[in-house]
Amino acid sequence: MDVPVQEVIRPATIAEALAALAEREDARPIAGGTDLMVQLRDGRRRAGRLVDLGRLGLAGIRRTRDAIEVGAATTMDAIAASAEIKRSFPALASAARQVGAWPIQCRATLGGNLANGSPAADTAPPLLIAEASVTIASAAGTRRLRVADLFLGPGRTALTPGELVTSVRLPLDEPAPGERVVERFTKVGPRREQVISVVSLAGRAVIRPDGTFALVRLAFGSVAPVPVRALTAERALAGRRPDAAARRDAARAVQDDIAPIDDVRAPARYRRIAAAVLLDRFLQEAARG
Amino acid sequence: MADRITITLTLNGERRSFETAPGRRLLDLVRDDAGLVGAKEGCGAGECGACTVLLDGAPVASCLVLAASADGHEVVTVEGLGRAGALHPFQETLVTHGGVQCGFCTPGIAVTGAAVLARGGDAADHARLLAGNLCRCTGYAKVVEALDDAAAKEAADAPA
């Protein structure tokens with residue numbers, strides 16, 4: 001069945017795309033369509049005009065002096081396969097490899113995963129621990145926004161009509177000599193592939209030669225109205241070793257960082273337990289290296 | 001009634017144009033406008049893989065692809081993989097390994113598997129790469145064995 005739209009525009013430049021978005025209040029950008037097509041079909045989102053982003057050249061991964069820039073139309077498959085991403089942001093590569101299954105990964109884009117605004121967006125926790133930001137373009141100009149400020153609630157983002165995410169910037173953060181980095185993304189669901197996360201965790205730990213944390217960043221998906229940094233748990237761990245006492249304190253602290261709900265995928269209580277378990281596993285891995 | 005749009009793409013190696021609705025899904029373009037009914041609609045939400053086709057060589061859920069997005073691109077459906085008497089190597093091994101039962105999921109599986117073979121890579125990834133194609137009859141062991149076998153045969157046939 002056709003999705004209910006009146007027109008499709010296929011602009012060749014970003015300027016044309018922004019004009020096409022600005023022209024009609026009910027215009028929406030479409031990239032891979034893996035979320036939007038279902039939402040349009042089910043009437044959960046509406047669009048009179050779709051502006052297809054496929055010709056804008058927004059796909060690609062580029063390393064600059066101090067960051068990696070990922071074009072908004074870069075697919076999950078390309079992110080998961082990128083040597084640059086695997087080396088510097090392995091949690092993001094791992095998350096991209098766990099979005100849906102391969103045919104979804106070949107189509108779904110990073111910009112789309114963010115703009116869709118799902119609390120379960122798998123790329124969000126890795127971007128939060130990378131302290132990434134998005135570049136947003138509109139007919140009025142461009143602005144930069146931290147990923148941490150992008151999500152406002154389930155399906156809601158700080159993007160206003162006419163705005164388009166064009167790229168995501170991940171600042172490179174090289175560890176000091178002798179420090180080791182442990183970075184992971186894990187998600188819990190009823191099967192390994194093709195699931196919406198019930199709980200997901202991205203963690204980045206930088207560990208000094210004496211075994212203490214030089215840095216620990218944690219972010220969760222599907223346990224709050226938006227993907228969240230676990231700042232209370234991070235503070236409970238700061239400067240410590242990931243030993244049993246620290247892990248116990250973190251498991252307790254993380255409960256203040258999350259606000260899960262009961263829904264069709266899991267009860268809130270399960271999500272609280274699973275969040276603590278994922279965190280504990282990550283910290284044990286950090287201890288082992 | 002929305003205005004109709006023209007979509008021109010390469011379908012199974014042939015350049016084709018279609019006058020169709022702006023909200024057309026690639027799945028409906030292939031099935032209803034082009035009459036190629038190999039790709040099936042299972043869930044219509046990208047979860048079952050029965051509608052998988054290749055878009056520029058990559059497997060995609062055609063129920064989630066706006067047909068207009070495929071304008072100018074190359075689409076291959078199961079009808080373009082092989083035909084009776086000249087099956088694709090993975091279609092051959094699906095038959096010899098008994099990886100087909102009711103057949104509803106088979107076109108999507110054949111297309112995804114063909115993409116796996118074209119890409120090459122580690123057989124350890126085969127099950128993961130096929131995980132987006134659900135089968136409710138045979139289970140997956142025979143399907144994965146068929147893909148492993150096709151990949152092994154291709155490697156053996158490749159010039160050194």
Side-chain angles (χ1 to χ4, degrees), chain A residues 1-12 27-42 44 46-56 59 73 75-78 80-81 97-109 112 189-196, chain B residues 1-7 20-29 32-33 41 43-73 108-109 111-113 115-116 119 121 125-134:
Chain A
M1 205 182 58
D2 302 339
V3 293
V5 300
Q6 286 142 26
E7 56 174 357
V8 178
I9 310 274
R10 299 207 66 211
R28 262 185 195 283
I30 182 165
T34 53
D35 282 311
L36 186 56
M37 288 292 281
V38 182
Q39 293 161 352
L40 291 172
R41 183 193 73 161
D42 295 348
R44 284 182 284 138
R46 288 173 204 289
R49 167 186 285 182
L50 289 176
V51 179
D52 181 275
L53 307 180
R55 290 179 177 164
L56 305 185
T75 63
M76 297 297 159
D77 192 53
R97 194 46 93 211
Q98 295 179 61
V99 170
W102 193 34
I104 301 297
Q105 291 159 16
C106 287
R107 196 72 197 139
T109 67
R191 73 194 277 255
R192 202 165 48 211
E193 315 282 341
Q194 200 73 309
V195 295
I196 298 174
Chain B
M1 178 67 195
D3 291 336
R4 295 177 80 75
I5 58 167
T6 304
I7 295 170
T20 195
R24 201 62 144 184
R25 303 177 306 172
L26 182 58
L27 174 62
D28 301 318
L29 183 99
D32 299 342
D33 298 333
E41 176 150 15
C43 66
E47 291 170 11
C48 76
C51 69
T52 309
V53 303
L54 302 181
L55 180 58
D56 297 333
V60 298
S62 63
C63 73
L64 299 183
V65 177
L66 188 69
S69 301
D71 183 77
H73 292 267
I109 285 180
V111 162
T112 302
V116 173
R119 181 174 287 207
D125 288 333
H126 285 175
R128 175 178 65 76
L129 294 170
L130 285 167
N133 293 90
L134 303 188

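The sequence lines fix the lettering, A, B, ..., with proteins before strands; numbering per chain opens at 1.
The greatest number of non-hydrogen atom pairs below 4.5 Å with chain A, out of Ile5(B), Val65(B), Thr20(B), is found for Val65(B). Among Ala115(B), Ser69(B), Ala67(B), the residue making the largest number of heavy-atom pairs under 4.5 Å with chain A is Ser69(B). Between chain A and the options Gly72(B), Gly108(B), Ala58(B), Gly46(B), heavy-atom pairs under 4.5 Å are most frequent for Gly46(B). By number of non-hydrogen pairs under 4.5 angstrom with chain A, the leading residue of Val111(B), Leu66(B), Thr112(B), Thr52(B) is Leu66(B). Of the listed residues (Asp52(A), Leu36(A), Asp42(A)), the greatest number of heavy-atom pairs within a distance under 4.5 Å of chain B belongs to Asp52(A).
Put simply, the side chain of Trp102(A) does not reach to within 4.5 Å of the side chain of Arg107(A), judged on heavy atoms. The shortest side-chain heavy-atom distance between Leu54(B) and Pro59(B) falls under the 4.5 Å cut-off. Using a 4.5 Å heavy-atom threshold, the side chains of Glu47(B) and Ile104(A) count as separate. Arg97(A) is not listed as a side-chain neighbour of Met76(A), based on a closest heavy-atom distance of 4.5 Å or more. A heavy-atom distance below 4.5 Å is found between the side chains of Arg55(A) and Arg10(A).
Nearest approach of Gly44(B) to Val38(A), heavy atoms of both residues: O-CG2, 4.5 Å.
Asp71(B) touches chain A through backbone and side chain together, each having a heavy atom under 4.5 Å away. In this structure, chain A has no heavy atom under 4.5 Å from any part of Leu29(B). Using a 4.5 Å cut-off between heavy atoms, Val116(B) touches chain A through backbone and side chain atoms alike. Heavy atoms closer than 4.5 Å to chain B are found in the side chain of Arg41(A), but not in its backbone. Contacts between Leu130(B) and chain A at a heavy-atom distance below 4.5 Å are absent for every atom of the residue. For chain B, the nearby part of Asp77(A) is the side chain; its heavy atoms alone come within less than 4.5 Å. Within the 4.5 angstrom heavy-atom criterion, only backbone atoms of Cys43(B) (N, CA, C, O) approach chain A. In this structure, the portion of Leu50(A) lying under 4.5 Å from any heavy atom of chain B is its side chain and not its backbone.
At distances below 3.5 Å, not a single donor-acceptor pair connects side-chain atoms of Glu193(A) with backbone N or O atoms of Ala101(A). In this structure, Arg25(B) contributes its side chain and Met1(A) its backbone to a donor-acceptor pair below 3.5 Å.
With values rounded to the nearest 0.5 angstrom, Ile30(A) atom CD1 is found 5.5 Å from Met37(A) atom CE.
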